[in-house]
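The sequence lines fix the lettering, A, B, ..., with proteins before strands; numbering per chain opens at 1.
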Number of protein chains: 2
Amino acid sequence: MEATLSRKEQIEITATSLFKKKGFSATSMRDLANALGIEAASIYSHIKSKEEILQRVCFRMADEFFEALDTAEGSESTATDCLKAAIAAHVQVLTKNTAASAVFLHEWRHLSEPHLSTYLALRDKYEARFREIIRSGIEKGEFFLADEKFAVLTILSGLNWIHTWYKPEGKMTPEEIAENLSAMLLNGLTSSQELTIPDTLTQSN
Amino acid sequence: MEATLSRKEQIEITATSLFKKKGFSATSMRDLANALGIEAASIYSHIKSKEEILQRVCFRMADEFFEALDTAEGSESTATDCLKAAIAAHVQVLTKNTAASAVFLHEWRHLSEPHLSTYLALRDKYEARFREIIRSGIEKGEFFLADEKFAVLTILSGLNWIHTWYKPEGKMTPEEIAENLSAMLLNGLTSSQELTIPDTLTQSN
DNA sequence: CCTACCGATCGGTAGG
DNA sequence: CCTACCGATCGGTAGG
């Protein structure tokens with residue numbers, strides 16, 4: 001599997017993992033070089049700057065989130081099913097690469113302009129898609145709430161902790177995680193639509 | 001108001017705000033000195049190290065969260081009311097000081113040992129208190145879910161984005177925010193227990 | 001991909 | 001609270 005990775009891809013993957021663990025600012029190019037087994041100066045034959053790595057990770061992840069959402073929104077009729085599909089799509093992307101997800105969610109503020117503004121605009125566009133799903137659900141009488149923006153941010157925030165503990169070898173599949181989250185967020189704790197989920201989760205931290 | 005603050009408190013408050021905006025690692029002592037209008041070396045007459053500031057903020061916030069939870073849990077009978085009170089208490093602490101909350105939630109990983117382990121143990125203890133509320137609610141037939149740990153992390157994650165946009169002069173009070181969040185998390189989007197909340201929120205970012 | 005190196009900046013100390 | 005300064009480390013370049 002690793003044999004087919006270019007040096008540039010290896011650098012990106014290793015950097016992403018370090019950025020997740022220590023944060024972008026606290027990760028030095030010498031840390032990265034050390035993890036790769038080369039000298040710091042050698043990294044610059046493959047990338048232009050430390051920030052370029054961050055940019056590539058952030059915007060690649062943004063692409064993936066939009067692509068997953070496009071597919072999810074395509075075929076659903078009710079707002080409820082559409083939201084469930086959007087949640088499942090979001091969880092799929094988060095679990096597919098937890099390190100890149102963590103960097104996307106937490107390290108974007110170290111982007112310089114104009115990349116920072118681009119990033120924030122993309123994020124707002126993504127949230128707007130969710131807002132529209134909620135709004136249409138309210139209109140159709142499927143959802144009951146006063147404020148779409150508030151609801152969307154609560155939902156996304158309720159999904160975006162998954163990267164902290166998810167491991168592919170854990171007991172829950174991404175599909176099961178998505179179902180569980182949809183059930184909690186759509187029906188709440190007090191609804192009796194219980195789910196059958198293994199009660200042992202992969203430990204966080 | 002500011003007149004009664006000691007220099008040490010001024011340093012802590014200014015540092016907290018910078019740590020929130022730029023992150024702990026990307027904030028230099030010269031940034032901090034500049035914001036205070038003094039020389040970097042002068043800061044060290046009041047504090048021992050940069051990390052000491054982070055430690056003080058993190059553990060003071062931990063204290064506040066526990067204290068608020070103690071009060072909340074004191075007087076409630078049903079698990080539902082207890083959870084609502086715990087959510088309201090958590091939101092109160094988050095909104096009382098958004099900068100310190102952001103540092104508490106996101107910068108703790110820059111703590112060195114043994115502080116890091118202490119921090120993680122405290123966080124687990126806090127989460128365990130929520131788990132116990134949920135567990136007792138399941139036992140009493142108030143809540144329906146398969147996994148307390150998963151539920152608690154989703155709930156807390158659904159609350160912990162508030163510091164990114166809350167401003168005291170905004171349209172929603174902390175009490176209204178807490179009610180809104182309790183309604184979403186306990187009843188879900190599909191329940192018709194609608195709330196009357198101003199539909200204009202303080203803008204995020 | 002390496003050696004050799006750059007200027008800038010880091011957290012922090014000495015001594016007043 | 002300041003001046004003066006420390007050794008270490010930073011991101012990055014030159015030249016091979």
Would you classify B:T27 as touching base, sugar-phosphate or nothing, given that sugar-phosphate means primed atoms plus P, OP1 and OP2, and contacts are heavy atoms under 4.0 Å? sugar-phosphate

Which is true for A:S28 with a 4.0 Å heavy-atom rule: it touches a base, it touches only sugar-phosphate, or it touches nothing?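 The answer is sugar-phosphate, as A:S28 gets under 4.0 Å only of primed atoms, P, OP1 or OP2.
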
Would you say the side chains of A:Q10 and A:T14 form a donor-acceptor pair under 3.5 Å?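 Side-chain D/A pair, A:Q10 to A:T14: absent.
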
Using the ring centroid of each side chain, check whether B:F24 and B:W108 are separated by less than 6.0 Å. no

Measuring centre to centre across the rings, with the benzene-like ring taken for any Trp, is B:F104 within less than 6.0 Å of B:F19?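 That pair fails the under 6.0 Å test.
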
Euclidean distance, atom [atom1] of residue [X] to atom [atom2] of [N] [Å, nearest integer]:
X: B:Q55; N: C:dG11; atom1: CD; atom2: P; answer: 15 Å
X: A:I11; N: D:dG11; atom1: CD1; atom2: C1'; answer: 15 Å
X: B:L32; N: C:dC10; atom1: CG; atom2: C1'; answer: 14 Å
X: B:D31; N: C:dG11; atom1: CG; atom2: P; answer: 8 Å
X: A:M29; N: C:dC1; atom1: CE; atom2: C1'; answer: 14 Å
X: A:E52; N: D:dG11; atom1: CD; atom2: P; answer: 15 Å
X: A:I38; N: C:dC2; atom1: CD1; atom2: P; answer: 6 Å
X: A:H46; N: D:dT13; atom1: NE2; atom2: C1'; answer: 16 Å

5'-most by nearest nucleotide on DNA chain C - A:R30 or A:G37: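 Taking each residue's closest nucleotide, the earlier one in sequence belongs to A:G37.
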
Measuring from the side chain of [X] (C-beta onward, heavy atoms only), which nucleotide among [options] has the closest atom?
X: B:A41; options: C:dC1, D:dA4, C:dG11; value: D:dA4
X: B:Y44; options: D:dC1, C:dC1, C:dG11; value: C:dG11
X: B:S49; options: C:dG12, D:dC2, C:dC1; value: C:dG12
X: A:R7; options: C:dC1, C:dG12, D:dC1; value: C:dC1

With a 6.0 Å cut-off (strictly less than), is the heavy-atom count around NZ of B:K84, excluding the residue itself, greater than 12?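 Atom NZ in B:K84 is not crowded, with 12 or fewer foreign heavy atoms closer than 6.0 Å.
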
Any ion pair linking [Y] and [X] (charged N to carboxylate O, less than 4.0 Å)?
X: B:R129; Y: B:E132; value: no
X: A:R135; Y: A:E139; value: yes
X: A:R131; Y: A:D124; value: yes

Of B:S42 and A:A26, the one whose closest nucleotide on DNA chain D sits nearer the 5' end is B:S42

Where are the stems of DNA chain D, defined as at least 3 consecutive Watson-Crick or wobble G-U pairs with both distances under 3.5 Å? C:1-16 with D:1-16

